[in-house]
Amino acid sequence: MSVQIWTYILVGMTFSIYIGIAIWSKASSTKEFYVAGGGVSPLANGMATAADWMSAASFISMAGLISFLGYDGSVYIMGWTGGYVLLALLLAPYLRKFGKYTVPDFIGERYYSRTARIVAVLCALLVSFTYVAGQMRGVGVVFSRFLEVDINTGVVIGMVIVLFYAVMGGMKGITYTQVAQYCVLIFAFMVPAIFISFLMTGNIIPQIGMGSNLNDGSEVYVLDKLNAINKDLGFNEYTNGSKSMIDVLAITSALMIGTAGLPHVIVRFFTVKKVKDARKSAGLALLFIAILYTTAPAVSVFARINLINTVNNKPYSDMPGWFSNWEKTGLLKFNDKNQDGNIQYVADDSSNELYVDPDIMVLANPEIADLPGWVIGLVAAGGLAAALSTAAGLLLVISSSISHDLIKNTINPNISDKGELWAARISATVAVVVAGYFGINPPDFVAAVVALAFGLAAASFFPAIVLGIFYKKMSKEGAIAGMLVGVSLMLYYILKFKFGVFDGGKSSVAGLQDQWWFGVSPEGFGSVAMLFHFIVALVINKFTPPPPKKVQDIVENIRIPVGASPPNIH
């Protein structure tokens, strides 16, 4: 069977499973809609958390970025993996014990302020919409290639699927759908990685294969081969970085800290019965995440070697079918500058004739390696599973922020449970439409958009949550001022250096790198904005009254391990 038939079969089967689960797990109350009734097992929640966390950026874009950036791309692996550890150990158990559904709910209650809640809602919406833009672009990339439909049509199809199970099932439907999606995405990522590792090195374990000799008779190590290829073409050696250490540190920190402040990941720890279960599911999720994250560097190495060997200095007329198929999407372009009919892929922009979008590397990798059609179709299904699972989690955060935090706890406290449930579903529907717009008009490639969302989360939520848990005398005025300063500074930096808003338009962005503050890129500036958040919050706190004793007692209580005797507070 052809690749397209296999893709239709596998994507159709997985979508049928997702829809079936949504119908089976329809939410009938706000508790089921927001936190799946609070009765999810640690194993299921661990798999759902892993799927929620491993978005299109992890599945589609991360290995592609590492393919092109080499050593510099390691910041994404270090930041995103380390960030999950930070979240699991530092915040999740305490937030779970606090017992609120959402991050704005925690901030509103902890800082005893309607204003703090509204600011947190706005920050949650900003982070979530920025993040979901990357997911919908991932959906469009997959559909445009493998189902051979227009990218806009692909985004609309993805919107309809997400809308169905997110609006109908809420967190209950999303949780069990994400369990299925984790199984699909991890199988889809690992199968081609194992195939290609075996073909190139004779080792079926990709992580080991990346450090082995090529089995082409040359006895050359894989990474040595890639270094030599890159050097010959004028690129930096794959294992040497070109970013400044300050920027590497800033990006890694921003991704780590942003992870610990992501609302759609934090809410997953409210879906289990006990704090102990939250800790278990956090550990299991880290294990499930590590399977993909330790494999991604190997996939990136194999994909880049195969791509260069297949296309460079080869006649355009001899290119295999996958080349022209990706050309149709606009994500792969050949411009024969010297009119010799051969593809020149080199670092020098004036001579380079090939444009390759980083987002296609994982998806095109099985085709480049000439793997069976069912493997290629499986990767398409996996990419969709990764994008849709995270998109659904983000849409739930958006809908709960509006219905629970804004309407229920701010505008209309007397709204009925049924009315709140309807408000959540309507909010999710509107959010899907907005997300679809971002998917049709994407601001950048997937991982770049997602990195900006992490920076916004780092600048807005992380300090407020940490201070709220570990500093019982933190005042509401300090928290509100810190959130506003952090998120505003991050927004300004993104608009100035990512989109050139204050410097004559987007065309001038490339020339703004020399003006970066402290030599930090927009993807890493969340670390700097976070520091400003901390400073402003603590300074304002010095000149404002401390929280009421009742709030301080709550903070003391959430830090006490379950089963321990509470302190004698007088």
Side-chain angles (χ1 to χ4, degrees), residues 79 83 86-87 90-91 95 102-108 110-111 113-131 246-247 249-266 397 401 405 449-471 473-499 501-502 516-544 547:
L86 187 66
L87 169 63
L90 185 66
L91 302 182
L95 291 172
T102 66
V103 172
D105 212 4
F106 167 81
I107 289 176
R110 164 58 182 86
Y111 294 112
S113 168
R114 177 179 293 185
T115 302
R117 186 188 296 273
I118 292 173
V119 171
V121 168
L122 295 176
C123 291
L125 294 176
L126 182 62
V127 171
S128 299
F129 275 122
T130 305
Y131 203 150
I246 186 67
D247 197 27
L249 178 62
I251 295 174
T252 304
S253 300
L255 295 176
M256 285 182 64
I257 297 160
T259 299
L262 284 179
H264 76 287
V265 178
I266 289 173
V397 167
S401 295
D405 297 305
V449 177
V450 170
L452 297 178
F454 279 75
L456 290 166
S460 58
F461 283 132
F462 181 76
I465 295 172
V466 169
L467 292 171
I469 293 172
F470 297 104
Y471 186 29
K473 293 186 178 181
M474 188 65 212
S475 67
K476 62 181 178 182
E477 293 85 358
I480 294 169
M483 283 191 291
L484 289 173
V485 168
V487 76
S488 299
L489 190 58
M490 184 64 193
L491 270 177
Y492 171 80
Y493 203 80
I494 291 173
L495 293 174
K496 178 177 176 63
F497 293 110
K498 197 69 178 177
F499 300 104
V501 171
F502 306 109
W516 286 352
W517 299 357
F518 317 111
V520 176
S521 64
E523 288 80 6
F525 193 74
S527 300
V528 179
M530 175 209 66
L531 293 177
F532 277 95
H533 180 156
F534 269 117
I535 292 168
V536 169
L538 291 171
V539 169
I540 297 294
N541 186 67
K542 289 289 185 182
F543 301 97
T544 52

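Since the structure is predicted, the reported quantities are computational estimates derived from the model, not experimental observations.
- Atom-to-atom distance recorded for M483:CE and I465:CD1 is 9.5 Å, nearest 0.5 angstrom.
- Taking a 6.0 Å sphere around OH of Y471, one finds it holds more than 12 heavy atoms contributed by other residues, nucleotides or ligands.
- Nearest heavy atom pair, residue L452 against residue P522, reads CD2-O, 4.0 Å.
- Not a single donor-acceptor pair under 3.5 Å links the side chain of Y111 to the backbone N or O of M474.
- With hydrogens and angles disregarded, no donor-acceptor distance shorter than 3.5 Å links the side chain of N541 to the backbone of G478.
- Here the closest heavy-atom approach between residue A116 and residue I107 is recorded as O-CG2, 3.8 Å.
- Pairing each heavy atom of V121 with each of P104, the nearest pair is CG2-CB, 3.8 Å.
- R110 is linked by a salt bridge (Lys or Arg N to Asp or Glu O under 4.0 Å) to nothing, counting only residues two or more places apart in sequence or in another chain.
- A pairwise comparison of heavy atoms in T259 and G83 identifies CG2-C, 3.4 Å as the closest pair.
- Residue K473 holds its NZ atom at 9.5 Å from NZ of K542, rounded to the nearest 0.5 Å.
- Atom CG of residue L86 and atom CE of residue M256 lie 5.5 Å apart, to the nearest 0.5 angstrom.
- The side-chain hydrogen bond (donor to acceptor under 3.5 Å, both in side chains) check on T544 picks up S475, with sequence neighbours excluded.
- Between D105 and R117, the shortest heavy-atom contact is OD1-NH1, 2.8 Å.
- Interatomic distance, CD1 of I257 versus NE2 of H533, reported as 12.0 Å (0.5 Å rounding).
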May I have the list of side-chain donor-acceptor pairs in residues 454-464 shorter than 3.5 Å, sequence neighbours left out?
| unit_1 | atom_1 | unit_2 | atom_2 | d |
| --- | --- | --- | --- | --- |
| S460 | OG | L456 | O | 2.7 |

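- Taking 4.5 Å as the limit, every side-chain heavy atom of I540 sits out of range of all side-chain heavy atoms of I480.
- Note that CD of E523 and OG1 of T252 are 12.0 Å apart. Values are rounded to the nearest 0.5 Å.
- Nearest heavy-atom pair, Y493 versus W517, reported as atom, atom and distance to 0.1 Å: OH-N, 2.9 Å.
- Counting only heavy atoms from C-beta outward, the side chains of F497 and V520 never approach each other to under 4.5 Å.
- Here the side chains of I494 and F525 are not in contact, with every heavy-atom distance at 4.5 Å or above.
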